[in-house]
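Just so it is clear, the structure is predicted and the values come from calculations on it, not from any experiment. Whatever order the structure lists them in is the order used to number ligands and atoms, beginning at 1. Along the sequence shown, the residues carry numbers beginning at 1.
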Amino acid sequence: MRKIIVGLTGASGSLYFVHLIKQLSLQEIKLHVIASKLGEEVLTYETGLILQEFIKDMSKNKAEITLEKNDNLFSACASGSSRFDAMVIIPCSMSTIGKLAHGITESLLTRAADVMLKERRRLVLVPRETPFSTIHLQNLTNLSKHGAIILPAMPGFYTKPQSMEELIDFMVGKTLDCLEIENKCYERWEGINEK
Ligand SMILES: Cc1cc2nc3c(=O)[nH]c(=O)nc-3n(C[C@H](O)[C@H](O)[C@H](O)COP(=O)(O)O)c2cc1C
């Protein structure tokens, strides 16, 4: 069974996390969720959801979900020997990006991502900030150079979205694509034939 880690940080855009977990919970996978303190707080501020209750609710679906404690460095997520298939941090704050770009791993979330980098496994980062400072851009470039996939929270408009849900699902679909999980979250471009 595939093993995937999803991280939640205190960047705006926690609805991306909510929609991604909803999709991943429908898969037969092992899903480990790690949230920073600010990640939990911003989730509640932006959506009214309590992380523990949301995960409990999602656990009724297919996936085997474990909600990790961010200060538990004894978790399987903290070790390369656990061989997780992929990790995504959605949304990813500039603070976490800065820590990852400099190998600072004081929490389970940052340690798990650092493990993915060192093991050359798939790490997808969905940063959210605007505008980016040069420090942000340098950190993102560094992480990209070291193998992370930088998938900025920048939904496309060529699908002519009619609702916020469609914009969110565009990003969720792109994230699932990076995790190599089949999905129909957004309409794929099929080209335009000249008339
Ligand atoms: C409502 C709210 C929205 C925020 N939005 C962002 C954001 O979009 N991007 C960002 O980098 N930080 C944002 N922050 C700041 C981060 O939460 C802060 O830097 C925090 O230390 C990040 O810690 P973490 O990466 O451990 O979650 C926001 C904070 C709050 C309270």
Nearest to atom 11 (O) of ligand 1 by heavy atom, Glu106, Met94, His136: which? Met94
Going by the order shown, which atoms of ligand 1 are within less than 4.0 Å of some heavy atom of Leu38? 17 (O), 20 (C), 27 (O)
Looking at Arg128, which atoms of ligand 1 are within less than 4.0 Å of one of its heavy atoms? 7 (C), 8 (O), 9 (N), 10 (C), 11 (O)
Can you confirm whether Glu187 is buried at CD, in the sense that more than 12 heavy atoms of other residues, nucleotides or ligands lie under 6.0 Å from that atom? no
Polar contacts were defined as any N/O atom of the residue lying under 3.5 Å from an N/O atom of the ligand; does this apply to Gly10 and ligand 1? yes
Over 12 foreign heavy atoms within 6.0 Å of NZ, Lys30: no
Between ligand 1 and Ser12, is the shortest N or O to N or O distance under 3.5 Å? yes
Which atoms from ligand 1 have a heavy atom of Glu129 less than 4.0 Å away? 7 (C), 9 (N), 10 (C), 11 (O)
Ligand 1 atoms nearer than 4.0 angstrom to some heavy atom of Thr9 are 25 (O), 27 (O)
Heavy atoms only: which of Ser93, Gly7, Ser14, Ala11 lies closest to atom 22 (C) of ligand 1? Ser93
Would you say Arg128's side chain and Ala153's backbone share a donor-acceptor pair under 3.5 angstrom? no
Taking Glu46 for its side chain and Gly13 for its backbone only, find out whether a donor-acceptor pair lies under 3.5 Å. yes
Is any N or O atom of Thr96, backbone or side chain, closer than 3.5 Å to an N or O atom of ligand 1? yes
Verify, without hydrogens or angle tests, whether Thr9 (side chain) and Pro91 (backbone) share a donor-acceptor contact under 3.5 angstrom. yes
Approximate separation, where rounding is to 0.5 Å, of Leu67 CG and Gln52 CD: 5.5 Å
